[in-house]
Amino acid sequence: QVQLVESGGGLVQAGGSLRLSCAASGRTFSWYVMGWFRQAPGKEREFVAAITWNGGSTYYTDSAKGRFTISRDNAKKMVYLQMNGLKPEDTAVYYCAAGRNPVTMTPYEYDSWGQGTQVTVSS
């Protein structure tokens, strides 16, 4: 079992940057695919990015490509989402999630979730 806690959200102006962090606990963290999802008010939870267990492969939703970077540090049991060039449409609650191989972009296929961290991007 993996427990996840997100942090790093906040208010930022359009064009700014934030780095979200996800702290994991559990002995099997390194075995998990890690993903970031987001959910805006009235919207379904949306896939943002994922990374394989060894960090060898990353995956992004089209809107995140070229702006967001997912990374992980298994020794520290941390996952990060570096977000650059933020846009108002990025405003959402961002969730860290852990799942089994292979990588999936479907929320219900992830096993563990954090509580979320709010990201608000103003014009």
Side-chain angles (χ1 to χ4, degrees):
Q1 186 178 1
V2 177
Q3 294 78 45
L4 306 172
V5 179
E6 304 96 333
S7 62
L11 176 64
V12 64
Q13 291 186 337
S17 299
L18 285 173
R19 188 180 76 160
L20 305 184
S21 298
C22 175
S25 61
R27 291 182 287 113
T28 60
F29 170 77
S30 297
W31 300 353
Y32 284 84
V33 169
M34 300 299 298
W36 285 96
F37 292 77
R38 64 189 179 189
Q39 188 166 20
K43 304 292 185 179
E44 294 184 349
R45 192 162 297 188
E46 175 192 21
F47 170 80
V48 178
I51 187 167
T52 53
W53 71 271
N54 64 350
S57 298
T58 57
Y59 306 85
Y60 300 92
T61 190
D62 286 344
S63 65
K65 292 178 180 177
R67 299 190 299 128
F68 293 4
T69 302
I70 187 172
S71 61
R72 68 190 296 165
D73 185 336
N74 288 346
K76 297 181 178 180
K77 296 184 178 181
M78 296 289 293
V79 184
Y80 307 98
L81 184 68
Q82 178 67 45
M83 304 187 294
N84 299 325
L86 284 164
K87 304 174 181 179
E89 52 262 44
D90 295 318
T91 296
V93 177
Y94 283 70
Y95 298 90
C96 181
R100 302 289 186 178
N101 286 296
V103 169
T104 178
M105 300 179 184
T106 305
Y108 69 80
E109 294 183 348
Y110 283 77
D111 299 320
S112 302
W113 294 84
Q115 83 291 340
T117 185
Q118 177 71 47
V119 172
T120 303
V121 184
S122 63
S123 300

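In this chain, residues are counted from 1 in sequence order.
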Derivation of the side-chain contact (heavy atoms from CB on, under 4.5 Å) call for R100 and V33: CA-CA 6 Å; R100 302 289 186 178; V33 169; over 6 Å; no
Check the hydrophobic clustering (I, L, V, M, F, W, Y; side-chain heavy atoms under 4.5 Å; chains of links allowed) and say if [X] and [Y] are grouped together.
{"X": "I51", "Y": "Y60", "answer": "yes"}
{"X": "M83", "Y": "V12", "answer": "yes"}
{"X": "Y110", "Y": "L20", "answer": "no"}
{"X": "M105", "Y": "V93", "answer": "yes"}
{"X": "V48", "Y": "Y80", "answer": "no"}

Looking at [X] and [Y], what are the two nearest heavy atoms and their distance?
{"X": "R67", "Y": "G85", "value": "NH1-O, 3.0 Å"}
{"X": "N84", "Y": "S17", "value": "OD1-OG, 2.9 Å"}
{"X": "S123", "Y": "A14", "value": "CA-CB, 4.4 Å"}
{"X": "A98", "Y": "M34", "value": "CB-SD, 3.6 Å"}

4.5 Å side-chain heavy-atom contact, Q3 and S112: no
Student check: side-chain heavy atoms of W53 and V103 closer than 4.5 Å: no
Looking at [Y], is its backbone amide N or carbonyl O close enough to the side chain of [X] to form a donor-acceptor pair, meaning the two atoms are under 3.5 Å apart?
{"X": "K77", "Y": "G26", "answer": "yes"}
{"X": "R72", "Y": "G55", "answer": "no"}
{"X": "T104", "Y": "T106", "answer": "yes"}
{"X": "T52", "Y": "S57", "answer": "yes"}

Residues D90, K87; criterion salt bridge (charged side-chain N to carboxylate O under 4.0 Å, His left out); working and verdict: CA-CA 5 Å; D90 295 318; K87 304 174 181 179; over 6 Å; no
side-chain contact (heavy atoms from CB on, under 4.5 Å) evaluation trace for L81 with T69: CA-CA 6 Å; L81 184 68; T69 302; over 6 Å; no
ring-ring contact (aromatic ring centres under 6.0 Å, His included) partner of W113, chosen from Y94, F37, W36: F37
Check: E6/T117 side-chain N/O donor and acceptor closer than 3.5 Å: no
Over 12 non-hydrogen atoms of neighbours within 6.0 angstrom of CD in E44: no
Heavy atoms of other groups near Q13 CD, more than 12 under 6.0 Å: no
Distance under 6.0 Å and angle within 45° of ring axis: R38 vs Y95: no
Test log, rule side-chain contact (heavy atoms from CB on, under 4.5 Å), inputs S71 and Q82: CA-CA 8 Å; S71 61; Q82 178 67 45; over 6 Å; no
Verdict with supporting geometry, N74 and Y32, side-chain contact (heavy atoms from CB on, under 4.5 Å): CA-CA 10 Å; N74 288 346; Y32 284 84; over 6 Å; no
Spatial distance of atom SG (C96) from atom CD1 (I70) [nearest 0.5 Å]: 7.5 Å
